[in-house]
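Worksheet: the structure to be examined is printed underneath.
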Amino acid sequence: MHLAYPAVLAALLFAVGVYGVLVRRNAILVLMSVELMLNAVNLNLVAFDVWLRDALHAGQALTLFTIAIAAAEIGIGLAIVLMVHRDRGTSDVDRLRDTAEHPHADPDATPHDEKAEAAA
């Protein structure tokens, strides 16, 4: 098997993923771009495992761990994006600079006033 074909495909996938992370503003599309980059790494791991004819198949085993980590990352990432969308009303990454700042909070109010207001 020629190593150039999967390596070029992986490089293209990784480049598309980097472009998506740098250009996209929607948090879900950024997470999808990160998944593309992880899939490019997985493709390289399997291709080099086949090319090197590793008896232990370490590349394929590492790919399974990477897939498990990616599944956990996308689950936690989507949960965070959904909570931020509920709180802020947008998933635009450029508008989410500080997660501790609330857009409807009065800047002159003390924390005690906000707690009393929330309880009322």
Indicate if Phe14 and Leu22 have the same hydrophobic cluster label, given that clusters are the connected sets of ILVMFWY residues with side-chain heavy-atom separations under 4.5 angstrom. yes

Do you know the tightest heavy-atom contact between Val93 and Asn26? CG2-C, 4.1 Å

Decide whether Leu52 and Leu3 are clustered together by the hydrophobic rule: side chain heavy atoms of Ile, Leu, Val, Met, Phe, Trp, Tyr closer than 4.5 Å, transitively. yes

OG (Ser33) and CD1 (Ile28) are apart, to the nearest 0.5 Å, by 12.0 Å

Could you give the distance from CG (Leu31) to CD (Glu73), rounded to the nearest 0.5 Å? 6.0 Å

Joint hydrophobic cluster, Val84 plus Val81, side-chain heavy atoms closer than 4.5 Å: no

Are Leu13 and Val16 joined in one hydrophobic group, where the rule is that I, L, V, M, F, W and Y side chains link up if heavy atoms are under 4.5 Å apart? yes

So how far is it from Asp49 CG to Leu62 CG, rounded to the nearest 0.5 Å? 10.0 Å

Do Met32 and Val34 share a hydrophobic cluster (ILVMFWY, side-chain heavy atoms under 4.5 Å, transitive)? no

Rounded to the nearest 0.5 Å, the CG atom of Asp54 sits from the CZ atom of Phe48 at a distance of 13.0 Å

So how far is it from Glu35 CD to Asn42 CG, rounded to the nearest 0.5 Å? 9.5 Å

Any non-hydrogen side-chain atom of Met37 less than 4.5 Å from a side-chain atom of Val18? yes

Between the OG1 atom in Thr90 and the CZ atom in Arg25, the distance rounded to the nearest 0.5 Å is 11.0 Å

